[in-house]
2 protein chains.
Amino acid sequence: MPERQSSRKDAVRNREAVLAAADALFARRESPEDVTMADVAAAAGVGKGTLFRAFGDRAGLLRALYEARLEPIWQAVETGPPPLGPAAPPHDRVPALLDAVLCFKLDNRRLALALEEGGSGSPYRAEHYKRWHSLLRAVLEQIPGLTDSDFTAHALLAATRADLVEHLAGEERVPRKRMRAQLANFVTGVLTSGPLQGLTAEE
Amino acid sequence: MPERQSSRKDAVRNREAVLAAADALFARRESPEDVTMADVAAAAGVGKGTLFRAFGDRAGLLRALYEARLEPIWQAVETGPPPLGPAAPPHDRVPALLDAVLCFKLDNRRLALALEEGGSGSPYRAEHYKRWHSLLRAVLEQIPGLTDSDFTAHALLAATRADLVEHLAGEERVPRKRMRAQLANFVTGVLTSGPLQGLTAEE
DNA sequence: TAGAATCCGGACCCTGGGTCCGATTCAACG
DNA sequence: CGTTGAATCGGACCCAGGGTCCGGATTCTA
């Protein structure tokens, strides 16, 4: 309910200011949980009341940031060219989708982390997760010989969880390239499993 | 550092009382985050000071509970009979290990949830995670034709994350049996992927 | 049983998300 | 422009909950 656009220009100006400030803070600070709402408000030159009226709560702010960043990727996925776009054959599109998710999380580590683990309930209730999941599920369903596409979609997405990505990139210093390769390898492994692929590959 | 055993009997009695009370509370309450430390202390008939001295902090308490529950499973894994024990061939052991993890999380949903998502840092720094991961990694390494066993171990374990399990079991009402089957299917899929399996299966 | 070491427990502190309401700014209208 | 009512601002305030402190009770040792 606090998602309404306001007609007043100070309101929209402040909204932008908050978004920008939060963005900067999450980029700068080490851990997402030591970016407090008070920090954001102060950095934006705005009172806490304004902040909370504009975004409802912390999760709302995170969501707004996240979705703004995600927007271009959704464009590419829904109306873009292959391999991300809908015209791509499932075998190519699934790895492309997961690679996109991975890259997104690599580019927005702190933010994704804050949104996925911040106490605001399980990430599986989030709208954007459902979106990815149902898309992935639908694409998987078009691959013959694959069962349980619902679970498979969950399991594949789980391999790109923000805290795992953060751990690999931050703690274990796995370079971006290698990580993408590993994920791609894993994904194609899942897609080309079972007796069907074995047979078709042989003939 | 507050993990030392005490020689005084009131200390150990209280420690047990706290453990039992916490166990009961986590089993009863809906969500793990509305079991507060004060609740636990009260339920155990103990002051908060006692509670914190015995376990250091909330994460310490969770860890103690978790590891107590995990103990028998580790027994089975390290010295038990196949398919969980070390004598099992890798192809059987990997699914068995993941199935054990899944069942454990199904049986201890609230607790696992509290430990994995509770703000106490990423779950990937936890000792028990490293233990599972390095074991799984080692077993995967014995499977010919599989590369990136480090990442693969992470990815497979990610499919058993507590909040995913909770979501599937709680929200989507997936029955235990079905979930185990889906995971098993997914795991064997990962194991039997690639050209090698196709070839050996054909000959 | 005295003395010291340890432990108990609940009052207390502090951080951080979220609310409230008087003051202020805005947009529409005369 | 000046007025006016409504929407917004912003920082003081509230509250929950994790974590600390220390006077007093309990337990071990000699």
Side-chain angles (χ1 to χ4, degrees), chain A residues 1-22 25-26 29-65 110 113-115 117-121, chain B residues 1-22 25-26 29-65 110 113-115 117-121:
Chain A
M1 56 287 267
E3 291 293 332
R4 284 217 54 74
Q5 279 287 27
S6 164
S7 51
R8 280 179 61 160
K9 71 181 172 201
D10 54 350
V12 307
R13 176 172 42 76
N14 281 332
R15 187 186 166 89
E16 312 266 311
V18 166
L19 244 17
L25 281 183
F26 277 113
R29 294 281 228 278
E30 276 304 311
S31 170
E33 69 246 19
D34 54 50
V35 174
T36 82
M37 293 303 268
D39 286 343
V40 174
V46 146
K48 287 180 67 177
T50 306
L51 180 51
F52 279 96
R53 198 168 335 92
F55 297 97
D57 57 6
R58 185 183 169 91
L61 171 60
L62 270 337
R63 240 184 330 230
L65 276 174
R110 317 286 160 72
L113 211 51
L115 192 55
E117 68 174 19
S120 43
Chain B
M1 43 188 17
E3 292 292 334
R4 275 216 332 287
Q5 278 287 29
S6 164
S7 49
R8 280 177 59 156
K9 69 181 175 200
D10 53 352
V12 307
R13 176 172 42 76
N14 281 332
R15 187 186 167 90
E16 311 266 310
V18 166
L19 243 18
L25 281 183
F26 277 114
R29 292 283 228 279
E30 277 304 309
S31 170
E33 69 246 18
D34 53 51
V35 174
T36 82
M37 294 302 268
D39 286 344
V40 174
V46 146
K48 287 179 66 177
T50 306
L51 180 49
F52 280 95
R53 195 166 338 91
F55 297 96
D57 58 5
R58 186 183 169 89
L61 171 59
L62 271 336
R63 231 174 312 150
L65 276 173
R110 318 286 160 72
L113 211 51
L115 192 55
E117 67 174 22
S120 42

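Because only heavy atoms are used, hydrogens play no part in the values below, and waters and symmetry mates are left out as well, while side chains stay in.
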J.: Check whether any side-chain N or O of B/N14 sits under 4.0 Å from OP1 or OP2 of C/dC8, and answer yes or no.
T.: yes
J.: Which residue lies toward the 5' end of DNA chain C, B/V46 or A/D34, if each is placed at its nearest nucleotide?
T.: B/V46
J.: Would you say C/dG17 has OP1 or OP2 under 4.0 Å from some side-chain N or O of A/R58?
T.: yes
J.: Round to a whole Å and report the spacing from CG of A/L51 to P of C/dG18.
T.: 10 Å
J.: Could you state the NZ-P distance from B/K48 to C/dC7, rounded to the nearest angstrom?
T.: 20 Å
J.: So does A/T50 get a side-chain nitrogen or oxygen closer than 4.0 Å to the phosphate oxygens (OP1/OP2) of D/dG10?
T.: yes
J.: Between atom CG in B/D57 and atom C1' in C/dC14, what is the gap in whole Å?
T.: 16 Å
J.: Do A/D39 and A/R29 make a side-chain contact, defined as non-hydrogen atoms from C-beta onward lying under 4.5 Å apart?
T.: yes
J.: Can you identify which nucleotide, out of C/dG18, D/dC28, D/dC9, has its nearest atom closest to the B/K9 side chain?
T.: D/dC28
J.: If I take atom CG in residue A/L61 and atom C1' in nucleotide C/dG16, what distance separates them, rounded to the nearest angstrom?
T.: 15 Å
J.: Kindly indicate, with the supporting measurements, whether the criterion side-chain contact (heavy atoms from CB on, under 4.5 Å) is fulfilled by A/F55 and A/R15.
T.: CA-CA 9 Å; A/F55 297 97; A/R15 187 186 166 89; 3.7 Å; yes
J.: Using the closest heavy atom to pick a nucleotide of DNA chain D for each, name whichever of B/R13 or B/G49 lands nearer the 5' end.
T.: B/G49
J.: Which nucleotide in the set D/dG17, C/dG18, D/dG10 lies at the smallest distance from any side-chain heavy atom of B/T36?
T.: D/dG17
J.: Please state how far atom CG in A/D39 lies from atom P in D/dG10, giving the value in whole angstrom units.
T.: 17 Å
J.: Rounded to whole angstroms, how far apart are CZ on B/F52 and C1' on C/dA11?
T.: 14 Å
J.: Decide side-chain contact (heavy atoms from CB on, under 4.5 Å) for B/L61 and B/M37; before the verdict, give the C-alpha distance in whole Å, the side-chain angles of both, and the deciding distance to 0.1 Å.
T.: CA-CA 9 Å; B/L61 171 59; B/M37 294 302 268; 4.2 Å; yes
J.: Is a donor-acceptor contact shorter than 3.5 angstrom present between the side chain of A/R53 and the base of D/dT8?
T.: no
J.: Would you name the heavy atoms of B/A44 and B/V18 that are closest together and state the gap between them?
T.: CB-CA, 3.7 Å
